[in-house]
2 protein chains.
Amino acid sequence: MTIADRTPPDLARARPRARGDKTPLRLDAIVDEALRIIDTEGTDAVSMRKVAAAFDTGPASLYAHVDNKDDLLRLALRKVLDTMPLPAGETWQAMFRAHAHTIRAVLAAHNDLARLTFGTVPESDQVTEGSERLLAAMIGGGVPPQVAAWSLDVISLYIAADVHEGWLMGRIFDDGSGRPPEEVGMEYFRGFGERMASLPKDRFPTLTGHLEELMGGDGDQRFSFGIDMFIAGMAAQIPPT
Amino acid sequence: MTIADRTPPDLARARPRARGDKTPLRLDAIVDEALRIIDTEGTDAVSMRKVAAAFDTGPASLYAHVDNKDDLLRLALRKVLDTMPLPAGETWQAMFRAHAHTIRAVLAAHNDLARLTFGTVPESDQVTEGSERLLAAMIGGGVPPQVAAWSLDVISLYIAADVHEGWLMGRIFDDGSGRPPEEVGMEYFRGFGERMASLPKDRFPTLTGHLEELMGGDGDQRFSFGIDMFIAGMAAQIPPT
DNA sequence: ACCTGAACACCGTTCAAGT
DNA sequence: ACCTGAACACCGTTCAAGT
């Protein structure tokens with residue numbers, strides 16, 4: 001007979017969770033649990049009750065550590081932003097392009113976490129450091145400082161919107177029908193294409209005449225396109241030497 | 001004694017609402033009520049219960065007319081999009097720029113309605129007509145068809161993100177404290193500026209060296225900047241004649 | 001077909017009471 | 001300071017029952 005076998009029932013009941021010993025209620029663990037729910041179910045699935053349940057307690061217990069649900073989500077976002085790689089590249093264009101794709105990939109790895117970036121100024125030191133390097137590269141490359149400064153805003157907004165839209169699209173395809181998402185997605189796009197193709201050719205000559213261009217390209221290609229247009233636009237602002 | 005005076009209590013109780021005669025439960029009226037709530041309180045304030053209450057009934061009654069809450073919000077969005085003015089302008093650049101500002105203004109006039117455009121293909125005939133004209137102008141102006149086609153996507157996303165962000169920012173300033181939003185907004189920006197200014201100059205020479213450019217410009221200027229960079233980027237794709 | 005009341009399974013936050 | 005159970009004022013949607 002081992003020690004474990006002799007554990008009294010009360011003590012055994014005190015640690016019933018899969019996560020092993022009852023995790024103490026610390027801010028860090030609370031934020032991690034919120035992030036775990038975001039990663040598995042999305043931001044809308046985070047509830048104070050669900051987070052609290054992971055610690056075998058009620059929602060009221062969380063309010064000793066966070067102001068409210070918004071505060072908790074903000075902390076979860078910051079934690080992810082703090083893992084953001086720093087921008088790197090030979091030219092400001094290469095750096096800008098690569099970093100845009102990096103930010104997109106990091107955000108997209110956490111379901112609809114990108115939604116939380118709207119209407120907030122990122123508080124992450126890592127993001128600040130990234131902004132410093134990007135701005136220095138652009139200004140060093142001849143981009144007018146005002147163009148470089150505002151470009152940080154624009155690009156953040158565009159990336160967040162793209163990731164959010166991509167996630168919502170994925171959600172549509174993953175309807176509750178149990179059918180594979182790719183199949184639903186294909187059907188969705190076929191339906192959209194058919195609606196475009198069925199437009200009267202006389203009233204919509206341009207739309208019906210360019211179905212391939214309108215329908216073509218996946219999310220990655222369209223995102224790249226947007227970034228590249230923006231970079232080209234900034235490059236056009238560099239005064240001739 | 002008039003007829004009205006003789007109205008029995010039961011009948012009087014049947015029409016107690018400020019909206020006069022009890023509005024019959026028609027889809028159109030339901031969508032209008034949802035839109036009224038969106039315009040006064042925002043999309044999050046729309047609830048099936050609140051909409052139903054305007055018709056002196058319970059939420060279950062709505063389900064004879066709409067599939068669910070998402071469906072109702074989608075219908076409200078379409079109703080607004082159907083009021084969108086058509087693009088016009090001398091050149092494709094002027095048309096593109098003006099229409100971007102128009103879309104922004106229409107969406108911004110309905111609080112955070114713009115949020116609903118994420119992850120959806122607009123079903124509005126008015127939007128389809130606008131796309132036809134924009135696309136024709138761009139291609140007619142020499143913009144490669146693939147660039148023109150994808151630009152519709154990118155610009156929709158950017159406008160929606162900008163309006164959504166702007167609304168969220170406005171929300172932050174309009175905290176429950178009762179203080180005037182402009183004052184809260186000024187303080188918020190001053191705080192942000194001070195945080196930027198207090199960054200160590202040796203580690204963040206570029207950020208601290210360009211505070212004016214980073215902090216300057218209101219929402220309109222920053223939006224215009226993004227649109228203009230994108231237009232310049234597209235213009236750079238026009239092959240030399 | 002349209003409408004309804006009641007119920008189900010949830011929410012975020014507050015509060016008095018404990019330690 | 002931290003934690004808790006109970007309560008408050010909400011949600012979206014379903015369902016059996018009505019017309």
Side-chain angles (χ1 to χ4, degrees), chain A residues 10 13-17 19 21-34 37-38 40-77 112 115-116 168 171-172 175-177, chain B residues 10-11 13-17 19 21-34 37-38 40-77 112 115-116 171-172 175-177:
Chain A
D10 314 60
R13 222 184 306 118
R15 43 178 82 179
R17 296 236 120 225
R19 52 170 57 243
D21 286 10
K22 176 166 172 170
T23 318
L25 215 46
R26 285 181 310 101
L27 177 59
D28 213 51
I30 291 170
V31 174
D32 281 344
E33 177 60 22
I37 298 172
I38 290 171
T40 51
E41 303 176 77
T43 56
D44 277 342
V46 176
S47 80
M48 300 302 268
R49 286 173 149 82
K50 209 184 288 182
V51 170
F55 302 95
D56 289 317
T57 185
S61 305
L62 303 179
Y63 287 82
H65 299 89
V66 296
D67 293 343
N68 48 43
K69 188 184 169 180
D70 255 24
D71 187 38
L72 174 55
L73 292 175
R74 216 171 32 76
L75 291 169
L77 172 63
D112 61 338
R115 185 175 71 79
L116 306 178
L168 284 170
R171 262 5 254 294
I172 293 168
D175 60 357
S177 71
Chain B
D10 315 59
L11 249 172
R13 221 185 303 119
R15 43 178 82 180
R17 296 237 120 224
R19 48 168 63 239
D21 287 10
K22 176 166 174 174
T23 318
L25 216 47
R26 284 181 309 100
L27 178 57
D28 214 50
I30 292 170
V31 174
D32 281 344
E33 177 59 22
I37 299 172
I38 289 171
T40 50
E41 303 177 77
T43 56
D44 276 342
V46 176
S47 79
M48 300 302 268
R49 285 171 150 83
K50 209 183 287 180
V51 171
F55 302 95
D56 290 317
T57 185
S61 304
L62 304 179
Y63 287 83
H65 299 87
V66 296
D67 292 343
N68 48 44
K69 187 183 169 181
D70 255 25
D71 188 38
L72 174 55
L73 292 175
R74 215 170 32 76
L75 291 169
L77 171 63
D112 61 338
R115 184 176 73 79
L116 305 178
R171 267 356 263 291
I172 293 169
D175 61 357
S177 71

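Not measured: the values here are computed from a predicted model. Protein chains get the first letters and strands the later ones, always in sequence-line order, with residue 1 at the start of each.
Note that NZ of B:K50 and CD1 of B:I37 are 6.0 Å apart. Values are rounded to the nearest 0.5 Å. Here the straight-line distance linking atom CD of B:E33 with atom CG of B:L25 works out to 11.0 Å at 0.5 Å rounding. Atoms CG and CG, on A:D32 and A:L75 in that order, are 11.0 Å from each other to the nearest 0.5 Å.
One atom, CG of A:L27, and another, P of D:dC2, lie 10 Å apart when rounded to the nearest Å. B:D67 places its CG atom 15 Å from the C1' atom of C:dC2, with the value rounded to the nearest Å. Put simply, OH on B:Y63 is 20 Å from C1' on D:dG18, counting in whole angstrom units. As rounded to whole Å, 12 Å separates atom P of D:dC10 from atom CD of B:E41. Atoms CG (A:D44) and P (D:dG12) sit 13 Å apart, rounded to a whole Å. Taking atom CG of residue B:L72 and atom P of nucleotide D:dT13, one finds them 10 Å apart after rounding to whole Å. Atom-to-atom, CG of A:D71 to P of C:dG12 comes out at 14 Å; the value is rounded to the nearest Å. D:dC3 atom P lies 10 Å from atom CG of A:L62, rounded to whole Å.
Stems are defined here as 3 or more consecutive Watson-Crick or G-U wobble pairs with pairing distances under 3.5 Å; those involving DNA chain C are C:4-8 with D:12-16, C:12-16 with D:4-8.
Using a 4.0 Å heavy-atom distance criterion, B:S47 is classed as a sugar-phosphate-only contact. Using a 4.0 Å heavy-atom criterion, one finds that B:V46 contacts the sugar-phosphate atoms exclusively.
Listed candidates were C:dT4, D:dC2, C:dC11. Nearest to the side chain of A:K50 is C:dC11.
Contact between the side-chain N/O atoms of B:H65 and the OP1/OP2 oxygens of C:dA1 is not found at any separation under 4.0 Å. Between A:T57 and D:dT4 there is a side-chain N or O to OP1 or OP2 distance below 4.0 Å.
Using a distance-only test at 3.5 Å, with no hydrogens or angles considered, no donor-acceptor pair links the side chain of A:D112 to the main chain of A:G42.
The salt bridge (Lys or Arg N to Asp or Glu O under 4.0 Å) check on A:D67 picks up nothing, with sequence neighbours excluded. In this structure, the side chain to side chain donor-acceptor pair (under 3.5 Å) partners of A:D71, at least two apart in sequence or on a different chain, are A:R74.
The minimum heavy-atom distance linking A:M48 with A:L72 is given by the pair SD-CD2, 4.2 Å.
For the C1' atom pair drawn from D:dC3 and C:dA16, the interatomic distance equals 13 Å after rounding to whole Å.
The residue among A:A60 and B:A60 whose nearest nucleotide of DNA chain C is located toward the 5' end is B:A60. Mapping A:R49 and A:S61 onto DNA chain D via the closest heavy atom, the residue that lands nearer the 5' end is A:S61.
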